[in-house]
Amino acid sequence: MRKLTAILFLGLLCASCQNLQKQEISEEELLKQELQKINWNQVDEFPSVATCDSIKDEATRKQCFFDFLTVTIQQKLDLDTLSILYPQIDTIQVKVTVYPDSRLEFEPQFPVDSLAYDKIKIDSILHARLTDFPKINPALKRGIPVKTQFILPVILNVE
């Protein structure tokens, strides 16, 4: 009986020693696995302004921000002669870049085959008018401010 107990004990001891020899994953491998899980094409929180920050629903807050930005751009461009100089333009696509430090950059997007208007003049009008924006809180990815870009259609001839 002692021999059987001793053999059983040695068998259990050998089996338990194998469990202690688990491979440890290096920090680099863990980091690599975690980085692969992250969707780098989406942000956790979209940019926002103070008037939209109190909204809890993410989709509603996002829409509030885009509506605010579109209306603000339209109001600033209504002050200029852009619609008088170029009456054929009723909507302009504006690429908006929000930097992590809350800076904004606006770039008009023109169709490739458009020769009907002076792109440089329109660009200079946009840069002159689209200043002094309210503070924009940048988008967040895992709690860190990140750069975001999006294209907004801005209606020029609002009557």
Side-chain angles (χ1 to χ4, degrees), residues 19-20 22-159:
N19 289 340
L20 295 176
K22 290 183 181 175
Q23 286 185 333
E24 291 187 27
I25 300 175
S26 69
E27 287 182 28
E28 286 182 25
E29 185 63 31
L30 283 173
L31 177 62
K32 186 177 177 181
Q33 289 174 0
E34 191 64 26
L35 289 175
Q36 288 175 347
K37 292 179 188 176
I38 298 172
N39 182 353
W40 293 105
N41 296 322
Q42 290 183 333
V43 293
D44 298 335
E45 288 184 39
F46 275 86
S48 186
V49 289
T51 56
C52 301
D53 282 343
S54 61
I55 300 171
K56 299 295 179 201
D57 180 54
E58 185 179 331
T60 308
R61 185 173 53 228
K62 175 183 168 183
Q63 189 60 47
C64 174
F65 170 71
F66 285 126
D67 290 345
F68 171 83
L69 203 56
T70 302
V71 168
T72 306
I73 291 171
Q74 286 172 340
Q75 288 172 347
K76 288 182 175 284
L77 292 179
D78 280 348
L79 301 174
D80 211 319
T81 59
L82 194 59
S83 59
I84 295 170
L85 288 174
Y86 303 100
Q88 71 274 21
I89 303 175
D90 60 346
T91 303
I92 190 166
Q93 303 290 326
V94 179
K95 180 164 77 171
V96 180
T97 304
V98 181
Y99 290 94
D101 62 357
S102 298
R103 271 185 311 116
L104 291 173
E105 186 176 282
F106 301 97
E107 181 183 337
Q109 302 293 296
F110 300 106
V112 177
D113 60 346
S114 63
L115 298 173
Y117 39 87
D118 185 359
K119 295 176 186 179
I120 296 171
K121 191 169 190 174
I122 292 174
D123 189 48
S124 67
I125 291 171
L126 284 178
H127 285 287
R129 289 293 179 201
L130 299 180
T131 58
D132 300 326
F133 262 77
K135 183 176 182 332
I136 303 284
N137 300 318
L140 298 176
K141 182 69 174 180
R142 296 199 160 212
I144 299 171
V146 293
K147 173 182 156 182
T148 51
Q149 290 183 322
F150 42 87
I151 296 178
L152 283 177
V154 178
I155 300 171
L156 297 177
N157 295 328
V158 180
E159 295 179 22

[atom2] on [Y] to [atom1] on [X], rounded to 0.5 Å:
X     : Y      : atom1 : atom2 : answer
Ser48 : Glu58  : OG    : CD    : 11.0 Å
Thr60 : Asp67  : OG1   : CG    : 10.5 Å
Gln63 : Asp57  : CD    : CG    : 11.0 Å
Phe65 : Asp53  : CZ    : CG    : 10.5 Å
Phe66 : Phe150 : CZ    : CZ    : 5.0 Å

Is the backbone of [Y] close enough, under 3.5 Å, to the side chain of [X] for a donor and an acceptor to pair up by distance?
X      : Y      : result
Arg61  : Cys52  : no
Asp44  : Arg142 : yes
Ser102 : Ile136 : yes

Any side-chain heavy-atom pair of [X] and [Y] under 4.5 Å:
X      : Y      : answer
Tyr99  : Glu105 : yes
Val146 : Val43  : yes
Ile151 : Gln109 : yes
Ile73  : Phe133 : yes
Asn137 : Val49  : no
Thr97  : Thr148 : no
Gln149 : Val96  : no

Handout entry: Other residues, nucleotides, ligands: >12 heavy atoms within 6.0 Å of Glu28 CD
Key =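 No, not enclosed.
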Practice task
Assess whether atom CD of Glu29 is packed by more than 12 heavy atoms of other residues, nucleotides or ligands within 6.0 Å.
Solution key: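 Above 12, so yes.
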Exercise for the section: Measure from NZ or CZ of Lys76 to the centre of the six-membered ring of Phe106, then state whether that distance is under 6.0 Å and the direction lies within 45° of the axis. Expected result: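 No.
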